[in-house]
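Counting starts at 1 for both ligands and their atoms, following the listed order.
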Amino acid sequence: MTNIRNIVILTGAGISAESGIDTFRSAGGLWEQHRVEDVATPEAFARDPELVLRFYDMRRARIQEVVPNAAHDALARLDASWHGGLLIVTQNVDDLHERAGAKRLLHMHGEHLNAWCLSCDERHRWNGTLIDRPACPTCGTSGQMRPDIVWFGEMPYRMNEIYTALNRADLFVSIGTSGAVYPAAGFVREAREQGVRTLELNLEPSQGSHWFDEARHGPATEVVPGWVDALLRQQSG
Ligand code: BJW
């Protein structure tokens with residue numbers, strides 16, 4: 001891949017799978033254990049907040065038990081060494097990219113380690129539980145803190161920044177995502193329309209695999225470091 005300067009990387013649950021975090025749609029994945037409409041919509045939260053808060057408390061605790069893997073490490077290495085533009089857009093709500101050291105990163109679907117006060121609209125770093133209905137550290141209101149997670153029907157975060165980066169990119173890379181959830185699933189087509197080269201790195205062909213110029217299939221801990229190392233060799237050569 002010659003003449004690549006600006007890169008946008010989209011990551012999904014597959015990049016964290018080998019760290020021990022369940023993906024959503026694979027056999028035994030999170031959505032097999034919980035119906036999405038019971039836990040990942042604002043309506044579910046209004047209907048049964050205890051169920052939703054328990055589900056997220058369990059997952060918030062889980063992400064704090066695991067560590068970044070070789071794929072997160074490779075992207076952090078690329079971020080530190082790539083001379084051109086780079087933006088890692090993650091759909092993941094874990095913090096494994098930042099723990100690996102990635103800096104040019106945004107979370108479009110929110111973060112497990114943030115809580116959002118519906119009373120005063122402030123967000124707070126949050127490692128503990130929400131089921132006990134803690135008071136907001138800013139306004140003191142109890143029972144109004146929700147996970148800072150983008151649920152179905154809600155607007156993903158920082159869309160303007162994402163589309164601006166996509167429109168400037170020379171290369172769009174999608175890693176470990178099934179291509180089942182919009183708007184992220186549409187980024188590959190947006191990139192193509194702008195003449196951006198597109199690459200998929202995934203365990204298996206995703207729903208949108210046919211949209212990519214190139215696809216490499218295998219576990220993220222193998223295909224991502226291989227791709228990063230080759231790109232950095234090209235940059236220094
Ligand atoms: C490996 C691997 C290994 C495994 N190595 N790979 C049409 C157009 C636009 C919108 C819609 C539409 N139709 C419906 C909508 C609305 C809806 C939507 O997309 N619904 C679909 C079901 C069709 N979207 C929304 O509501 C979004 N908001 C919205 O659209 O606002 C309006 C808007 C429109 C246009 C522009 C801007 C705004 C909000 C979506 C919020 C998604 N939230 C979730 C849940 C968060 C809560 C939680 O975490 O509990 O986010 S859904 C869930 O799916 C989570 C993920 O981020 C997301 C994507 O999943 P991901 O990461 O792809 O995981 P999997 O499990 O699906 O795939 C894993 C992949 O990894 C697989 O391919 C494996 O093979 C692979 N893999 N091991 C490499 N070792």
Going by atom types only, do E200 and S206 share a side-chain donor-acceptor pair under 3.5 Å?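 There is such a pair (donor and acceptor under 3.5 Å, judged by atom type) between the side chains of E200 and S206.
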Starting from [atom], locate the nearest protein heavy atom and write down its residue, its atom name and how far away it is, to 0.1 Å.
atom: atom 63 (O) of ligand 1; result: T177 OG1, 2.7 Å
atom: atom 5 (N) of ligand 1; result: A220 N, 2.9 Å
atom: atom 39 (C) of ligand 1; result: E154 O, 3.4 Å
atom: atom 59 (C) of ligand 1; result: Q91 OE1, 3.4 Å
atom: atom 20 (N) of ligand 1; result: F152 CE2, 3.7 Å

Should the heavy atoms of other residues, nucleotides or ligands under 6.0 Å from CH2 of W126 be counted, would the total exceed 12?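 Yes.
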If you count heavy atoms of other groups shown closer than 6.0 angstrom to CD of E65, is the number above 12?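 Yes, because the 6.0 Å sphere around CD of E65 holds more than 12 heavy atoms from other groups.
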Polar proximity ligand 1 side, [X] side, N/O cut 3.5 Å exclusive:
X: L203; answer: yes
X: Y182; answer: yes
X: F24; answer: yes
X: A13; answer: yes
X: G153; answer: yes
X: Y56; answer: yes
X: W151; answer: no
X: G179; answer: no
X: F55; answer: no
X: P219; answer: no

For ligand 1, which atoms, with element, lie under 4.0 Å from some heavy atom of [X]?
X: G12; result: 62 (O)
X: P183; result: 30 (O), 36 (C), 37 (C)
X: V150; result: 41 (C), 42 (C), 43 (N), 46 (C)
X: G176; result: 6 (N), 69 (C), 70 (C), 71 (O)
X: E204; result: 74 (C), 75 (O)
X: A17; result: 78 (N)

ring-ring contact (aromatic ring centres under 6.0 Å, His included) contacts in which one or both residues fall within residues 62-92, not counting sequence neighbours: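 Counting only pairs at least two positions apart or across chains, the ring-ring contact (aromatic ring centres under 6.0 Å, His included) contacts touching residues 62-92 are H72-H97.
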ring-ring contact (aromatic ring centres under 6.0 Å, His included) contacts in which one or both residues fall within residues 166-191, not counting sequence neighbours: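 Passing the test, one end in residues 166-191: Y163-F187.
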Best match, [options]: closest heavy atom to [atom]:
atom: atom 76 (C) of ligand 1; options: I175, V181, N202; value: N202
atom: atom 2 (C) of ligand 1; options: G14, A184, A71; value: G14
atom: atom 60 (O) of ligand 1; options: H107, R25, E222, M155; value: R25

Looking at [Y] and [X], is any side-chain nitrogen of the basic one under 4.0 Å from a carboxylate oxygen of the acidic one?
X: E50; Y: R54; value: yes
X: E154; Y: R146; value: yes
X: R62; Y: D94; value: no
X: R192; Y: E190; value: no
X: D79; Y: K103; value: no

Look only at the side chain of [X] and the backbone of [Y], and say whether a donor-acceptor pair between them is shorter than 3.5 Å.
X: D57; Y: I131; result: yes
X: E18; Y: T221; result: yes
X: N202; Y: I175; result: no

Out of R125, R123, R60, R59, which one pairs with E111 under the salt bridge (Lys or Arg N to Asp or Glu O under 4.0 Å) rule?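 Filter result, single survivor: R125.
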Show the numbers, then the answer: is there a side chain to side chain donor-acceptor pair (under 3.5 Å) between T11 and T90? CA-CA 5 Å; T11 68; T90 189; 2.7 Å; yes
Heavy-atom contact check, 4.0 Å cutoff: does S206 meet ligand 1?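 No, S206 has no heavy atoms under 4.0 Å from ligand 1.
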Would [atom] count as contacted, meaning some protein heavy atom under 4.0 Å?
atom: atom 34 (C) of ligand 1; value: no
atom: atom 14 (C) of ligand 1; value: no
atom: atom 8 (C) of ligand 1; value: yes
atom: atom 80 (N) of ligand 1; value: yes

Could you check whether H107 and Y157 have their ring centres less than 6.0 Å apart?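 Ring-ring flag for Y157/H107: false, centres at least 6.0 Å apart.
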Within-4.5 Å side-chain heavy-atom neighbours: [X] and [Y]:
X: Q144; Y: C136; answer: no
X: V173; Y: L201; answer: yes
X: W116; Y: I149; answer: no

If you measure from each non-hydrogen atom of [X] to ligand 1, which part falls under 4.0 Å: side chain, backbone, both or neither?
X: A180; value: backbone
X: R59; value: side chain
X: H109; value: side chain
X: E18; value: side chain

